[in-house]
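Predicted, not measured: the structure shown is a model, and the values here were computed from it. Chain A is the first sequence line, chain B the second, and so forth, proteins listed ahead of strands; every chain is numbered from 1.
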Number of protein chains: 4
Amino acid sequence: MARREETEQEAAAPPTYRPMTSAPTLGVGMVGYAFMGAAHSQGWRTAGHVFELPMRPALAAICGRDRTAVEAAADRHGWAAAETDWRALIARDDVQLVDICTPGDSHAEIAIAALEAGKHVLCEKPLANTVAEAEAMTEAAERAAARGQVALVGFNYRKVPAITYARKLIAEGRLGPLRHIRATYLQDWLVDPGSPLTWRLEREHAGSGALGDLGAHIVDLAQFLAGELLVGVSAVTETFVRERPLRSGPSAGLSGVAATGARGAVTVDDAALFTGRLASGALASFEATRMAAGRKNALRLEINGERGSLAFDLERLNELSFHDHTEPATTAGFRRILVTEPEHPYLEAWWPPGHALGYEHTFIHQARDVVRTIAEGTAPTPSFADGLQVQRVLAAVEESAAKSSVHTPVHIPAQL
Amino acid sequence: MARREETEQEAAAPPTYRPMTSAPTLGVGMVGYAFMGAAHSQGWRTAGHVFELPMRPALAAICGRDRTAVEAAADRHGWAAAETDWRALIARDDVQLVDICTPGDSHAEIAIAALEAGKHVLCEKPLANTVAEAEAMTEAAERAAARGQVALVGFNYRKVPAITYARKLIAEGRLGPLRHIRATYLQDWLVDPGSPLTWRLEREHAGSGALGDLGAHIVDLAQFLAGELLVGVSAVTETFVRERPLRSGPSAGLSGVAATGARGAVTVDDAALFTGRLASGALASFEATRMAAGRKNALRLEINGERGSLAFDLERLNELSFHDHTEPATTAGFRRILVTEPEHPYLEAWWPPGHALGYEHTFIHQARDVVRTIAEGTAPTPSFADGLQVQRVLAAVEESAAKSSVHTPVHIPAQL
Amino acid sequence: MARREETEQEAAAPPTYRPMTSAPTLGVGMVGYAFMGAAHSQGWRTAGHVFELPMRPALAAICGRDRTAVEAAADRHGWAAAETDWRALIARDDVQLVDICTPGDSHAEIAIAALEAGKHVLCEKPLANTVAEAEAMTEAAERAAARGQVALVGFNYRKVPAITYARKLIAEGRLGPLRHIRATYLQDWLVDPGSPLTWRLEREHAGSGALGDLGAHIVDLAQFLAGELLVGVSAVTETFVRERPLRSGPSAGLSGVAATGARGAVTVDDAALFTGRLASGALASFEATRMAAGRKNALRLEINGERGSLAFDLERLNELSFHDHTEPATTAGFRRILVTEPEHPYLEAWWPPGHALGYEHTFIHQARDVVRTIAEGTAPTPSFADGLQVQRVLAAVEESAAKSSVHTPVHIPAQL
Amino acid sequence: MARREETEQEAAAPPTYRPMTSAPTLGVGMVGYAFMGAAHSQGWRTAGHVFELPMRPALAAICGRDRTAVEAAADRHGWAAAETDWRALIARDDVQLVDICTPGDSHAEIAIAALEAGKHVLCEKPLANTVAEAEAMTEAAERAAARGQVALVGFNYRKVPAITYARKLIAEGRLGPLRHIRATYLQDWLVDPGSPLTWRLEREHAGSGALGDLGAHIVDLAQFLAGELLVGVSAVTETFVRERPLRSGPSAGLSGVAATGARGAVTVDDAALFTGRLASGALASFEATRMAAGRKNALRLEINGERGSLAFDLERLNELSFHDHTEPATTAGFRRILVTEPEHPYLEAWWPPGHALGYEHTFIHQARDVVRTIAEGTAPTPSFADGLQVQRVLAAVEESAAKSSVHTPVHIPAQL
């Protein structure tokens with residue numbers, strides 16, 4: 001029950017209301033149906049019911065290799081059709097946008113094929129497992145842009161209202177010249193050495209470990225919030241548990257661990273720490289780990305500037321902490337802003353102040369932004385070029401870690 | 001991107017998966033389409049895509065008095081049909097459940113009619129504006145129960161996982177005998193004396209002010225969590241701003257305030273404070289107000305028992321604070337539990353640990369529970385009788401406030 | 001190691017420095033040497049080394065009934081002499097101020113005797129166990145004031161810098177007209193039903209339980225911060241554990257509990273809850289309890305006004321939380337002020353920003369203020385009249401609790 | 001007023017009480033009287049009144065170059081005599097312990113002279129400005145140890161009860177094998193570019209900037225808590241504001257800045273960031289800065305192990321945050337332990353639970369430990385060798401920063 005009922009009651013039927021059902025359709029075809037598939041489905045299903053959109057997303061088809069499984073996923077998540085070959089998905093006439101939710105090693109092939117087939121693309125992060133793949137994807141995106149197609153990378157945390165709003169405050173100069181960014185992304189699901197080996201812990205499939213999975217997010221956010229790029233890094237990575245029990249289908253018990261006692265090598269990092277410099281000279285520090293007991297999703301950011309500071313914690317994603325250093329010292333302090341006011345980004349369509357949003361709202365906001373970008377012809381953001389830049393930072397991190405942490409420049413092409 | 005992809009990938013297609021599309025349909029007809037209508041729509045649209053349900057909710061028809069507005073709402077929120085007469089909605093063959101999201105003064109009439117027409121009913125809180133209405137509704141619900149119908153009241157905050165889990169801990173005895181409950185529900189949208197008069201501030205429509213809107217929630221939660229009833233209260237209520245600017249359609253400016261300067265009387269409470277006793281002898285305190293500057297949705301609870309304590313804040317709804325008093329004093333302390341583990345209530349269907357849920361998830365969970373209650377024939381909870389009991393507490397509060405705060409028993413019929 | 005070394009280095013020897021050893025002496029005689037005695041000793045010993053004071057406190061003599069014990073206490077706490085009769089202490093020529101740290105039932109007799117003997121008096125709170133005693137003390141204080149003596153009551157929490165500063169913000173109008181005060185003082189040392197009976201749980205010695213011990217503090221703070229008085233209350237009190245094991249010297253084991261299994265009646269309250277109204281019409285709520293498991297010293301205050309709000313928690317006493325409601329909603333929020341800036345009250349003499357003060361600093365600040373009040377002839381605050389007013393509120397609370405919580409006016413004499 | 005009065009009352013006079021005045025005296029001579037001097041004075045003055053000590057600290061003499069200033073400081077802080085030559089101080093018969101509170105560039109000379117004169121030494125941190133000086137001091141300490149003298153370094157934060165207790169939990173294995181330490185020490189007093197140049201910003205006096213001032217503390221704490229040493233680091237340092245206004249005595253205005261507009265070069269770091277490895281393979285990260293707007297004294301630590309985690313923030317120094325990873329996931333979470341129980345380190349002598357300690361208590365605890373170490377002949381801790389090890393880490397940090405952040409081993413002699 002809420003206080004704005006009357007306001008919204010009127011807002012529900014403004015004279016200018018354009019029925020969503022009369023809006024043109026944007027047919028979405030999604031590849032992959034696991035965790036990210038579920039989250040993206042929620043985004044596509046919901047965006048048009050919350051935001052007034054210029055196009056109506058239609059969940060046209062979902063794609064996976066196992067027919068039974070993909071049909072169940074289509075049924076569960078509300079997709080009209082199921083495909084088992086992503087090439088067939090791309091070829092469908094009712095698909096105008098291909099949404100790629102597969103592991104990183106297949107991103108390049110699918111995304112490039114979709115772009116060449118004239119489809120818009122939304123690709124999960126990290127953009128690819130290698131810089132070379134990401135470059136090829138970015139080139140394909142540039143060619144496609146000339147044909148009016150958009151290509152976006154799924155850095156969904158940019159769509160947390162507190163993050164979007166933090167970017168606004170920084171862009172307005174509320175922090176002044178930046179001095180420090182410190183970013184951590186701490187999880188704990190690998191703390192137990194008996195936790196099984198999966199493809200996520202194998203380099204050939206996952207590309208890297210915490211670095212690509214968690215580090216990619218905080219690198220993107222640091223650059224997005226600062227409005228400038230990292231120019232060099234110094235890094236160390238570590239794999240604390242170098243062998244883990246193998247998982248095997250039939251013989252695996254409740255823990256998912258094979259009864260045979262067989263073990264396999266972990267070939268990615270458990271943790272990656274790095275320092276870096278932004279173009280302006282500000283110092284940054286990053287830590288991505290899956291070994292921080294008790295930290296479940298602790299993506300934490302703090303940015304200090306000459307005129308103020310901001311802090312954020314994804315475990316409390318409705319809050320933004322802001323210190324205004326221009327205030328008198330006696331009344332200054334970090335204030336906890338509940339980013340739930342109607343004037344805050346994305347909040348015009350949601351609930352009254354203080355009514356929390358959650359993780360999946362980032363995907364609803366992403367869907368909104370993708371639709372608007374396509375319909376309005378604005379520059380896509382975050383673009384494949386943004387994803388490529390993150391990939392270059394990750395590559396510099398791995399290079400530095402391999403060279404005794406020596407400061408390693410991030411390759412930034414002239415045209416950027 | 002997440003760590004449990006592989007697990008969910010397999011889980012997505014278990015051999016026993018039952019396609020949701022093959023499940024029987026539960027046709028929902030909703031009356032009202034403002035704030036609560038939007039929230040309930042989100043619940044009905046989403047529940048079947050997230051939880052495996054025995055029946056598939058279908059958004060059959062939505063009802064409102066203004067045809068243009070209700071059709072726009074149907075289009076926006078995904079309802080198949082629109083009605084302008086709630087009697088017509090009830091009469092529809094494709095409606096098996098009537099979901100009542102109107103102001104409190106129409107609850108009784110609609111709910112009783114729907115129950116008598118053989119429909120299940122979900123009714124927003126507070127159940128009614130008077131005890132007499134609530135009693136009539138509860139009697140109708142009891143008659144309908146004999147015919148296999150369910151009648152539920154929308155105390156959605158019971159469906160916050162942290163609250164549901166808190167109830168479980170208390171029921172298991174983790175707090176021991178209870179000593180104290182303190183509950184506040186603080187908002188600030190009436191702090192500004194220039195904020196306009198609306199129907200929510202008029203007794204004939206709203207029944208009461210902060211008491212029924214906010215106080216009803218914390219009374220219900222206190223009784224739900226404690227597992228016992230309030231037996232008496234001592235109360236004070238206050239209307240700090242006794243006149244407010246009138247709102248008028250055509251002449252209202254951006255602020256919604258009439259340009260004429262005309263003012264009208266506020267006839268409900270701005271704030272209600274009361275103490276109470278539970279059946280076991282535990283002491284409780286309650287405060288509901290819309291005048292707490294800076295508090296947006298501060299529904300806060302703390303419960304102290306002989307063996308431990310729990311604390312909760314709706315502004316951080318993914319967290320539950322738990323103190324285990326049986327631990328050694330040197331390592332004891334309130335721990336911040338992120339209620340996002342797969343073993344926590346409702347979480348089996350959501351995201352990995354640390355990935356936050358939001359306000360609207362309470363309506364998705366409510367939809368899940370309503371469907372299961374109907375399909376499985378279990379006792380409905382929270383029932384109309386629960387809603388009636390809350391109404392009796394609110395009546396005792398108003399009586400005590402009118403009698404110089406003297407302790408006033410809550411009427412509890414023998415059969416309860 | 002700190003940043004302000006150079007500043008302080010210079011400050012240490014200003015040309016105008018007046019050697020403290022040349023200042024006149026204020027001889028202090030303290031009655032009682034338990035917890036409060038230790039805390040007051042720390043205050044008297046330290047104030048002159050930290051603050052530049054017009055008089056130098058000298059720890060002249062300490063008084064207790066047991067000679068061995070009081071001599072040990074004198075030695076431990078740095079008092080020059082020990083007395084076993086408080087009348088002898090008062091009679092000493094080297095005592096100009098009598099500091100009363102005994103249980104409440106002896107306050108009146110000692111304080112009145114000291115005042116009549118021409119001594120200044122600082123008396124621990126609560127001022128007395130009854131209103132009649134407090135009235136007699138206040139009358140004695142008024143007579144003594146005419147002779148230039150001061151009489152103060154030890155509401156030391158007014159001397160927490162965050163509290164003193166909160167009062168300043170309110171007095172400056174930063175909160176606007178007040179709407180709400182909510183105050184709790186939660187402890188947990190009686191949660192265990194096996195905790196022994198002591199004189200603190202016997203009405204004849206302690207006067208009351210949580211009410212006088214904890215409730216007196218929050219009543220005083222509410223009135224001090226608001227700058228206005230409580231005019232009426234509605235209350236409930238409870239004794240959850242009505243019998244406790246007897247303690248006996250020789251036969252008591254480690255737990256302090258008699259081995260005989262004998263039990264005695266608890267004759268004071270475990271908890272007291274009350275609502276109240278301030279003269280301006282603002283609503284207040286209070287809760288004092290020793291049964292809140294996990295809360296050790298949770299004196300929490302929140303004050304809401306039309307222009308802002310303040311919140312405080314004694315467990316984090318260096319912090320003040322302030323919400324400025326006149327700011328734009330998008331950047332407004334409760335800010336955590338570290339009350340450790342040199343411009344904050346009492347901080348001019350302490351450490352650099354962010355370096356925390358503790359509980360005992362309230363007694364050092366109290367000693368500073370007592371010395372200045374005496375030397376400068378300013379009006380004493382908190383005065384015996386302030387202590388009497390608190391006593392009247394506590395009496396109204398007990399009266400209301402005895403009369404089914406009916407609203408009970410606080411007696412406020414015409415001259416106040 | 002407090003609950004343990006009766007207990008303490010009895011405790012105040014146990015049959016075995018040994019009058020402190022009968023204890024042998026430990027004459028202290030202190031060099032330096034600025035911020036650290038004030039803090040150490042408070043420690044020496046208070047320790048014997050709070051803790052039962054085997055020797056009674058006597059504030060024998062204080063030393064500074066300016067006679068007027070040092071005499072004022074002696075008077076203010078309670079020292080019996082004043083000296084203007086530290087050699088004269090050392091030579092005094094009533095001085096058995098020399099407490100060195102001067103800037104780092106004079107530590108070695110004074111400490112070595114004092115040790116060679118047969119005195120015990122307590123030296124502020126950092127132990128010295130260079131490794132060579134620290135080595136010479138450590139050698140002198142080892143020679144003196146053979147003669148029964150103790151030499152300690154003032155890493156006072158080890159004496160925060162929460163830190164001491166954290167070490168105990170780790171030593172007991174409650175965290176299991178360590179994976180991560182992250183430590184920051186953030187202040188903001190140099191954020192303003194108009195803040196003047198002082199000797200603290202000049203390398204010849206201060207040795208380094210944030211690194212030695214703040215970084216030394218977190219390096220020591222990391223090694224102390226982990227119970228193992230850092231074996232290598234990779235670092236970056238930065239001076240954001242490279243010139244600052246000169247300060248000049250006569251012409252300086254209120255801001256302390258010379259009116260001439262003259263500026264001088266800052267020759268130390270504003271910030272230092274480094275990663276490191278512990279001997280066990282755990283990864284550590286460190287950040288020391290004076291440019292973090294809004295952070296006043298944010299010494300924050302988090303340590304993650306296979307069985308649990310700990311977190312600490314000096315701005316809330318009475319709290320320790322502990323996550324026990326061996327608990328069921330549903331009830332696990334970081335718990336806020338108030339480190340104020342009588343069983344916690346140092347707390348046996350202080351106030352009841354929940355009554356906060358402050359910054360200066362670290363110096364009182366340090367004084368207690370110094371006295372006991374001397375009286376009981378136990379191994380001094382933190383020793384000069386500990387201080388030397390920290391110095392070696394700082395040197396490796398500076399070396400790495402000068403060599404493009406390349407991983408640089410910390411020199412650890414064989415005998416350690």
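- The candidate from Asn318(A), Leu299(A), Leu338(A) with the greatest count of non-hydrogen atom pairs under 4.5 Å with chain B is Leu338(A).
- Note that OG1 of Thr46(A) is 5.0 Å distant from CD of Gln42(B), once rounded to the nearest 0.5 Å.
- Contact detail for Asn297(B) and Pro353(A): the closest heavy-atom pair is CB-O, 4.1 Å.
- Listed by first then second residue, pairs satisfying salt bridge (charged side-chain N to carboxylate O under 4.0 Å, His left out) with a partner in residues 347-362 of chain A read Glu348(A)-Arg368(A), not counting sequence neighbours.
- With sequence neighbours left out, the side-chain hydrogen bond (donor to acceptor under 3.5 Å, both in side chains) criterion links Ser41(A) to Trp79(A).
- Looking at Ala216(B), there are no atoms closer than 4.5 Å to chain A (heavy atoms on both sides), in backbone or side chain.
- Checked options Arg316(B), Arg336(B), His355(B); the residue passing with Glu315(A) is Arg336(B) (criterion: side chain to side chain contact (heavy atoms under 4.5 Å, CB included)).
- Trp351(B) and Tyr359(A) have perpendicular rings, their planes meeting at more than 60° on a 0 to 90° scale where under 30° would count as parallel.
- Here Ala39(B) is the residue among Gly64(B), Gly37(B), Ala39(B), Gly32(B) with the most heavy-atom pairs under 4.5 Å with chain A.
- Contact detail for His49(A) and His77(B): the closest heavy-atom pair is ND1-C, 3.6 Å.
- Residue contact with chain B, scored on non-hydrogen atoms closer than 4.5 Å, is absent for Ala74(A).
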